[in-house]
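Below is one structure, written out as structure tokens, with a few remarks after it.
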There are 2 protein chains.
Amino acid sequence: MSAVTAVGKAFSMLEFLVATERSATLAEATQMTRLPKPTAHRLLRALQKLGYVSRPPGTRSYSMGPRLARLQAGDAHAHVKALARPAMAKLHQRFNETVNLGMLSGREVLYLEYQATSHALRIVLRPGDKDPYYCTALGRAMVSALPLEDCERIIEATHPKRQTPKTLLAKSSLRSLLGAVRKNGFAEEHGESVDGISCLAVHLGQWGYPQYAISLAVPTPRLKGKIRMQMVKALKILASGDAAPSGFRKLS
Amino acid sequence: MSAVTAVGKAFSMLEFLVATERSATLAEATQMTRLPKPTAHRLLRALQKLGYVSRPPGTRSYSMGPRLARLQAGDAHAHVKALARPAMAKLHQRFNETVNLGMLSGREVLYLEYQATSHALRIVLRPGDKDPYYCTALGRAMVSALPLEDCERIIEATHPKRQTPKTLLAKSSLRSLLGAVRKNGFAEEHGESVDGISCLAVHLGQWGYPQYAISLAVPTPRLKGKIRMQMVKALKILASGDAAPSGFRKLS
DNA sequence: AATTAAAATTCCGTTTGATGGAATCCTTAA
DNA sequence: TTAAGGATTCCATCAAACGGAATTTTAATT
């Protein structure tokens, strides 16, 4: 087996720094990455020399470095992200729930970006994570947007695994479920992917990007009363492209 | 000296993959990174296991992996980039010259993003690269946007180094030069940073981001006749925020 | 189907870089 | 001044990275 453990540690360190707003001290980094102090220190200095971390002048802390920009240059989804960001922000502001942008990658949902609720109880799916399509609202929204024959082919090739007690396992229910999604114009899922979390999602086919979708992820207890229908409505408006264009805002 | 060489190699590999459109074969990666074949191979597999590179199904090639998104999530400048991108694209289309977005980081210009001309003769500054402020149009545009006392403090602390035969070295000329930039509303520079390259730049203070600037980088021979004034005018319009808003476009 | 050349992958003995506990050195606060 | 809590350096140990060479796989050609 290949090892390259230093590389893995370096990336953990980098991801920790990126996830941390502003900068972190060596002690924090040591604690969060669970690396021994000298190891963390050596790693940070090495990354600094490479330009991937920098040290805000004056402080003795570490933060992400400018060279990370080089890794961002090739982001294939930058366009969609930029496009979706204002709409996601709107949803986020209105409901204060976690908003996810995902795409269909093979038969999996790939999470691209999120805006998290400020509630203490929340779900955080990190960009780069993946989930099966069949137990997520995002996945269902995107698969249902595919041409019927593709959709059917995917269903046939699916062998659902139980993720939570509620995960649907029968192909027949999956098939009818996707039909309903197509008819209703939105997808939903209640605790099938993560216990206690419900999701509502719409794909962005109207924007020209059927393989992308946006979802609201809500702890099931908070999704009661009229809220659900309000969310569905907001998502459908968003997907239709009728949301007020929010290009250049007044900036000063 | 700390070593951590494997980490450096891993990043070279990753940067190569990111810079390459689509995917690359092991042979290409080996050649471009100048690593021995087994080393490159081991590295790619390790990065794959970590999720930073992926292998397009069917092919036997490598490309950037989904986990890179995690490193992009914390991009502090994403907002400005997204904002500037349409304006940059416009400039790029009109003049077919390289357009740069940069920010002031201490006393240096940090390049964030670029759109390259299609001409064979071009200058490419990679995101993450840095240059001193005093010999670049970007730097001069941004420094001149600072409050006068800050500006003067920076000038005093500057000890210009000769980058090309044309680099200005006297503080007095630098001071009057920045004054002119402030008066004219744009900065320029001819072969002082890279021999044979001229730049025109404006800061984005009107957009609410005075520490960011956009420049056109043109091989000096191509900057003749009326072109220069047309470019200056286009940049000033852009900076004023009067450029036609280009928010949500029709997306089919 | 057989042949072969090119490319990818694995092998494995060598060596180097990574490791982390302990000691030392700064900083900051009292 | 002193103390306390980080940050940094040391260094003996050892595992991990190294890369030339051998092997296997793939794809093209006859």
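Just so we're on the same page: letters track the sequence lines, and every chain starts at 1.
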Determine which pairs satisfy ring pair (Phe, Tyr, Trp, His ring centres under 6.0 Å) with at least one residue from residues 97-116 of chain A, sequence neighbours left out, and list them in order.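 Counting only pairs at least two positions apart or across chains, no ring pair (Phe, Tyr, Trp, His ring centres under 6.0 Å) contact touches residues 97-116 of chain A.
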
Summary of ring pair (Phe, Tyr, Trp, His ring centres under 6.0 Å) pairs that have at least one residue in residues 43-64 of chain A, sequence neighbours excluded: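 For residues 43-64 of chain A: A/Tyr52-B/Phe11.
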
Applying side-chain contact (heavy atoms from CB on, under 4.5 Å), can you list everything that pairs with B/Pro36, at least two apart in sequence or on another chain?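 Once residues adjacent in sequence are excluded, the partners of B/Pro36 under the side-chain contact (heavy atoms from CB on, under 4.5 Å) criterion are B/Pro38, B/Thr39.
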
Any side-chain N or O of B/Lys9 less than 4.0 Å from the OP1 or OP2 oxygen of D/dA17?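 Answer is no, no contact under 4.0 Å.
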
Terminal axes of the helix from C/dA1-D/dT30 to C/dA30-D/dT1 (five pairs each): angle between them, nearest 10 degrees: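 The angle separating the two end axes equals 50°.
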
Give a yes-or-no answer on whether the side chains of [X] and [Y] include a donor-acceptor pair shorter than 3.5 Å.
X: A/Thr158; Y: A/Tyr133; value: yes
X: B/Tyr209; Y: B/His79; value: yes
X: B/Ser63; Y: B/Ser23; value: no

Expected string for nucleotides 3-15 of chain D under the B/S/- scheme (protein heavy atoms, under 4.0 Å, primed atoms plus P, OP1, OP2 as sugar-phosphate) is ----BBB------

Set of residues satisfying salt bridge (Lys or Arg N to Asp or Glu O under 4.0 Å) with respect to A/Arg70, sequence neighbours excluded: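 B/Glu15, B/Asp129.
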
Please determine, for the side chain of B/Thr5, which listed nucleotide (D/dG19, C/dT19, C/dG17) has the closest atom?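 Among the listed nucleotides, the one closest to the side chain of B/Thr5 is C/dG17.
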
Under the side chain to side chain donor-acceptor pair (under 3.5 Å) rule, what do B/Thr117 and B/Asn96 come out as? Steps first, then yes or no, please. CA-CA 5 Å; B/Thr117 172; B/Asn96 188 22; 3.2 Å; yes

